[in-house]
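In what follows, every chain begins at residue 1, and chains take the letters A, B, ... in the order their sequences are listed.
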Amino acid sequence: MNEILEALVKYAAILAFMLGVVAPVMVWVERRGMALIQDRRGPNRVGPFGLLQPLADAFKFIFKEEIIPAQADKVLYLAAPALALVPALTTFTVVPFGPTFNYAGKEIKLVVIDSDIGALMFLALAGLGVYSLICAGYGSYNKYSLLGSLRASAQLISYELSMGFAILAILVSTASFNLLDVIDYQNSMWNIVYQPLGFLVFLVTAFAETNRVPFDLPESESELVAGFNTEYGAMKFALFFMGEYVNMTTLSLLLAVLYLGGWQLYPGWTPPEGIVGAIIGVLITLAKVIFMMWLFVWVRFTLPRFRYDQLMKLGWKVLLPLSITNLVIVTILVNKGIL
Amino acid sequence: MTSLIAIVLLPFLGAVVNGILSFSNSKRAVTFTALATTGGSLVIALYTIWRYLTELSPQPIEYVLYKWLEKPLEIQISFLLDPLSAIMLFVVTFVGFFIHLYSTGYMSDDEGYGRYFAYLNLFMGMMLLLILGSNLLVTFIGWEGVGLCSYLLIGFYYKQDEPPRASMKAFVVNRIGDFAFLIAIFISFAHFATLEYREILNAIATNQQLQDTVYIFGLTLPALLALLLFIAATGKSAQLPLYVWLPDAMAGPTPVSALIHAATMVTAGVYLLTRTNLLFQLSPNILKLVTLISVATAFMAASIAIAQRDIKKVLAYSTVSQLGYMFLAAGVGAFVVSIFHLFTHAFFKALLFLGSGSVIHAMEGEQDIYKMGGLKQHLPHTYITFLIGTLAIAGFPPLAGFFSKDAILAYTYDHSKAIYFIGLITAGLTSFYMFRMFILTFHGEFRGTEEQRKHLHESPPSMTLPLWILAIGSAFVGFIGKIPFTHYDLFGKILSPVIVKLEEKAVHHDVLHEVLLITLSVVAALLGLVAAKVLYSQGPTGDERLKSIITAPLYTLLKGKYFVDELYTFVIVTPLRTTANILWRFVDQLIIDGTLHLAAGIVQLISALGSFTTTGNLRNYMLYFVIGIILLIAYTVG
Amino acid sequence: MKFLELLTNPSLTLIVFFPTLAAIPLLVANKRNEKRIKWYLLVVFTAEFLLSAYLVTLLYLKDGIKYFPLVADPTIPWLPRYGIAYRLAIDGISMPLILLTTFIMPIVILGSWSSIKKHWKLYGISLLILTTGILGAFLAYDLILFYIFWEVMLVPMYLIIGVWGGERRIYAAVKFFLYTLAGSLPMLLAILWLGWRFSKAAGYWSFHYLELLTMLLPPQEQLWLFIGFALAFAIKVPLFPLHTWLPDAHVEAPTGGSVILAAVLLKLGTYGFMRFGVPLFPHVKEEVIDLILVLSLIGIIYAALVAWVQEDMKKLIAYSSVAHLGFVTLGIFSMTEISWSGALLQMVNHGLSTGALFLLVGMIYERFHTKKFKELGGLAQPLPLLAFFLVFSAMASAGLPGLNGFVGELMILTGTYIGGYKIYTVIGAIGVILAALYLLRMLKETVWGEYTGAVKKDLHSYEKMALFPLAVLMLLIGIIPSVFIKPSQESILQTLKIYSVRKNYPKVTKPLIIPIDIDKEKK
Amino acid sequence: MSVVGFSHYFFLGLILFSIGALGALTRRNGITIFLSIELMLNSVNLILVSYASTNGNLAGQILVFFMFAIAAAEAAVGLAFFIAIYKHRRTINIDRLTFLRW
Amino acid sequence: MMLETVIFYLFASLAVIFALVVILHPDPVKATLSMVITLFSLAVIYLTIKAPLIAALQILLYTGAILVLFLFVIMLLNIQREISLPFSKPVQLWGSIVSVGFLIGIITNFAIKIKIEESVKNYSLVLIAESLFKENALSFIATGFLLLAAVVGATIIATKVKRG
């Protein structure tokens, strides 16, 4: 019974961090970052340096009137935002965010569920994201939203494939699905050095999975009027937004774990004993996640959006072959005993 | 005796050469080959006969040509020369040659000239095979070969529709006779392992036990053989049951009728009987049958002849009745006399036919005696020779017919009075129809068309010469046989070795008796002459008078040839044809094919049933599927 | 490879498979120039005939013996486990039939020179394969091999009738195929049963004909096996009730097809009886033999009568061949040496005379495009040579003495008489009269009578070449039959001796191997 | 696993299987039939895995592993068929798709 | 242990209910979505049987890929709701119910017979992987080819260009 309790506690901690801290900060960072890149001031009216702007947005979302389109398929329309959260809230359970340390005679692993098929579970749950898009598109009885949702789901599926191969390459070298082993494996050298190609592919697919800028064609403002969430206002839209940010953090966390050695300061670094080491490990992981988040925001406001066919061609004809070659190279090296 | 081979092979050679020549129409070459071959074989034949007969005691000479069949069936092609075959040889070659000569004239303007002589030579070859053959097989080859040639020659004018039908009828009827001959061959081979006459007859003669035991149907073996051979003879020599083909055979050219249907082929039956006379003498019941049939045929044919209008039909029926006489002689046991009558008949019947030929030739194919008359002054040669022939056949004393017919009647008299009496009447009838025809054609005024009158001319010498020779022959040949009141019987002496003498018969009876018989036959002949003269001196009206004498129905009966043809078609041909049709339509198509199609139908039915389940509806299939699974599980587990 | 070795030097295998080898270049031949294909086929078939003739004389005169010995090719084991081997052998009985087949083939090509208009290549190939099938069947000394060749024959014949036939050719072809096939299945069962029983009796499997001959089965079993074989052969012969496929097949088949069908294919049935039917099953009940005799008699009379009322010339001839083969079966089943040699000769005679008749019908059809008697008549005037050949072959098939038909019929009927079936001989002889009846009717309808139609060209050169050898042979067999019969005498004697030895052997209750040495056996 | 015995899983699988079968047998729409077949397939997988794991061997899981591949292939081809049929006949209501018959 | 039974009964009932929705719901999209839920709950049940690999695969393959494909096809073919009663002719309805009922009856009486001996579960991913790549390597490769064939087949069938 108690390890379930322990898992719940960890889950609550991370959830709170994600929703409470990450979401609002990211809203602020994104708006300020955008302004900074576009060489203009960001929101600075609400509180010092606009820090309370996210709060203002939240209030706006909460008090806005919930409009449901007349012909919309009530069940699907309302189910969509909920479904969007499903992958978001379940994928980070398998990703370790800190070193294991023993406290009061008991070893505590800083990961919600330490299952030996962690990576596989991640992939599985990530796949469920598609349904929210489809329900949104199909339920809101609107041409543009249907088109947007189909495009989004197509994009999601194709990039999921390349991500799967990239992750597979890592797992082949560590010979285990458990992400903790992945980190231990990186004691000698971080995977970014061993599998640079894999890292690149994973990075690109990460952007695609979260529908972030270069790949945010489905809800692109200019052509498809916000794609699948055209009909969504207020709280429903907020949920989508939150889901997106949580996804971003989980993916950055995963990236850190897979390629940047998780909580290792430098390859081979072992955290000091006890709770202090744990806290330092978590902080290091946090630093890598923040760097990745900043990268997301930075890329969003520099790269132009892909056209749909370029998107698809990139997905199938560039990334997929690259990831497969990466996998092949890695397997050969592993077979030879080099990696 | 290579001469025998030469005699036989020459006509065959002629046939082949003429066959080839028939495609190119060079008449001269054809005539030359025809006459050369038959002439050659005649000369060789005369020479061999002369050398053979002048020997002291002429033994039969056998000459084996080659082995026809060896392993299972010992048969060889071999020839036999003995008095009987010598005489027949003389008749065939002599009459044959002159008929060839005659037909060069008669057929000169016919485009099938080559083909005609090819057939005629082939016939001569086959006839020689028949009479010279030393075993049943060679005779049989000749027998059917002759039938084939008569088929071809009767159907010579194939363009008209009558000859082909007549030729087919002739061949089929002959075939029925040959059927019996074939059975005889099987029996003889089964029992004596050979077909040689000499061996068969010796085997029967020596084996007493064989003669007595009943073989089958109450007949002893020799009796059965005799019966079969007699049936074959009736087929070939046109006796009562199977004579119908001879009158129709007149559809062929006249020389053909002369050669085949008067002189040679039809006599083959008589030759066969005499050749195997032992068989007949050993089976008295068969002899009785022969006499009965022969006398009936003679009388019936003569009675039909008196009411016929076609000149050749009259002669045909007269041949049938004369053959009846020959068989009568054989029936009463006087085989020598039957051959003698055959000998004389060959001459005067050939003469009569050729005479009628020249008449028809003059009248451009007209054969109806009603449309002739008064030809005396136009065809003098034909007139005289025809007269000699008619006198000979009627049986007037100095001529050949008298001697042979009288001898037959004499022997019949000894045998049984009733049959002698019928014979006598037939003799009278014979002279009556002969003189009726003679008067209607040569006396009275010309009843033909004007244009025929202009065209009337005497036949060329090539035709009249054979007429004269045959006339002389039929006049003097009578003296060869037995002359009444004397013991002189050259013919008997020649033939005696061939005839088997079982028990001595009272050959010689007193002079008074002979005188009576002769006067009776002469009186019969005279009566016939007078009646004909009286009735027909004013032309064809005589027939009405005849009808009034012998009551109308009888006359129509005679005119319609006893309606035998219609009887045959009614009794045999039509029922056979209907059964054949029934067999074909009903049995073949309906029953056998029916069952086949029935089976096919059933299969189709079952397959239609099968296709009923495939409705195309997926749901049904799934339901069947589930039910199937249920059954399966229930079976395995339940 | 022993097989190749056999193929290269003169051997029975070469005769059998030479046509198939010759078919291969045909495959690549250009479809269009049919002229070259025709000449090629003619050359091939004549070569085949010369080859077979050469080999036969070679074997016949080898050691100067005056009869035709049993000569076998070296056997090549095929399925040793079941004793099935590639065994070919020729003896007195199959020799004349082999020569007949190879002799007829070039004539068939000449016969169909101008009557076959399309697909000559396929026609050629099917003919070649058909020849292999027939020759193989005649020479096979292993029952399974015999059955295989027996089936190989079916397909090409089906094609020939089906593709180049008349209007109802499909019906006829299918009927022919199904009939023969249905018949041959019981035979296969019988063969397998025989092989199996032999393995029981002798301990090892074998389908070798001579070995099977040494085995004696209980009478009841023999009866069933005999029925199995008899059914297949009776359909092929054809015997009375099973003959309805023949007229259809003949009427619809092209000239070449019906000549082969008549001249050779029917003989397989009778050959089958002679080779396998009679010797293998001696203890078959007397009633069965009588039944077959009665059926063949019915066949003779029935077919003759039906032929007499036919409207179609080809159908008439088809029924006539049913009658003729009735004679042959009559001869075979009266089980005497004379009737057997007569039957063998009659097979060859029938091939020649009916073959000629079919060729002539083909030629008439080519000129007048009709086979109905009503539309024919008076051929003697425009086509004298054709008329001559027609009369000649009609007379030959009617059994006129001096020609080939008579010799066969004489020996058969004499043999039947000696065999003790007196009444059957008399009824059989009636067949001779009826033969004359319908053949003369045919002549009356076609050759004689008035001719009013257009001028037709008489026989072309190739037609003469086709008919002339047949006529010559018909005449020769008629005049000097002993030359043709002597070679096969010894084999017939031997087969009958084997038959009598096996027949006299007491009946057995279970399969038993009995040593058969013919020489010791008393006459 | 100890409390929830194999029979529970078995009955769950059975119920799901029968629902799938009923669906397949009665529905008219092609896709729904296809879905219910997938359902039947999964119920069998469930029973297979539960039975294998109660007996402690892994064969069941491996078998199910392959089952997934096959199910995927089958779904792909099946749907391709439906698309083709739709293009041709404008409907996938199987009552009207009865052209495959004599 | 209470948790597991609760989870099992919860998700089992969830699965059954949504399975019924799948076969009863006229709108195919709704049916497919309810199918997603049933399969997801099945995946959870797999977890309770201690077969996480199968659960993960179930979610990854089935709910993630196949049912998405179904949805795609439904949208592509624009299949409307079924107008009349979802079931066709009543006779078939009752026929099928009876037959399925019969089927269950047979299977259950068969199932009762088999005896189950509980034994320790030694589940581990390595063991599965090992047997997968050693004993069943052949079928593994065969499935590979099967999938290839399915891909090629599906593309050809679905995208056959209408010639002429």
Interchain contact, [X] with chain E, by part (heavy-atom threshold 4.5 Å):
X       : value
D:Leu46 : both
D:Glu74 : neither
D:Leu41 : side chain
D:Ile15 : side chain
D:Ile85 : neither
D:Leu14 : side chain
D:Tyr86 : side chain
D:Ser18 : both
D:Leu16 : side chain

Step by step, work out the side-chain contact (heavy atoms from CB on, under 4.5 Å) result for E:Met35 and E:Ile23.
CA-CA 9 Å; E:Met35 182 69 176; E:Ile23 62 164; over 6 Å; no

Should the ring pair E:Tyr62 and D:Phe68 be called parallel, tilted or perpendicular, given that the plane angle runs from 0 to 90° and is split at 30 and 60?
perpendicular

Is a donor on one side and an acceptor on the other found under 3.5 Å between the side chain of [X] and the backbone of [Y]?
X       : Y       : answer
D:Lys87 : D:Phe82 : no
E:Thr38 : E:Ser34 : yes
D:Arg89 : D:Leu97 : no

Quick one: which of D:Ile33, D:Leu22, D:Leu35 gives a side chain to side chain contact (heavy atoms under 4.5 Å, CB included) with D:Arg27?
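Of the listed options, the one satisfying the test is D:Ile33.
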
Inter-residue atom distance E:Gln58.CD - D:Met67.CE, 0.5 Å rounding
11.0 Å

Would you mind reporting whether [Y] and [X] have side-chain heavy atoms less than 4.5 Å apart?
X        : Y        : answer
E:Leu67  : E:Leu39  : yes
E:Leu33  : E:Val21  : no
E:Asn136 : E:Ser139 : yes
E:Pro28  : D:Asn29  : yes

Name the region of [X], side chain, backbone, both or neither, that has any atom closer than 4.5 Å to a heavy atom of chain D.
X        : value
E:Tyr9   : side chain
E:Ala65  : neither
E:Val73  : side chain
E:Thr32  : both
E:Phe70  : both
E:Leu20  : both
E:Ile97  : both
E:Thr143 : side chain
E:Glu135 : neither
E:Ile74  : side chain

Could you tell me if the ring centre of D:Tyr51 sits under 6.0 Å from that of D:Tyr9?
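When the ring centroids of D:Tyr51 and D:Tyr9 are compared, they turn out to be at least 6.0 Å apart.
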
Please determine, among D:Val49, D:Ile19, D:Thr32, the option with the most heavy-atom pairs under 4.5 Å with chain E.
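Option with the greatest count: D:Ile19.
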
Quick check on the interface: out of D:Phe81, D:Phe11, D:Phe17, who has the most heavy-atom pairs with chain E under 4.5 Å?
D:Phe81

Over 12 foreign heavy atoms within 6.0 Å of CZ, E:Phe72:
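Check passes, neighbour count above 12.
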
Just checking, any donor-acceptor pair under 3.5 angstrom between side chains of E:Tyr46 and D:Ser50?
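Not at all, the side chains of E:Tyr46 and D:Ser50 share no donor-acceptor pair under 3.5 Å.
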
Under a 4.5 Å heavy-atom cutoff, which of [options] has the most pairs with chain D?
options                               : value
E:Leu76, E:Leu42, E:Val22             : E:Leu42
E:Leu57, E:Leu69, E:Leu77, E:Thr108   : E:Leu77
E:Leu103, E:Leu132, E:Leu146, E:Leu61 : E:Leu132

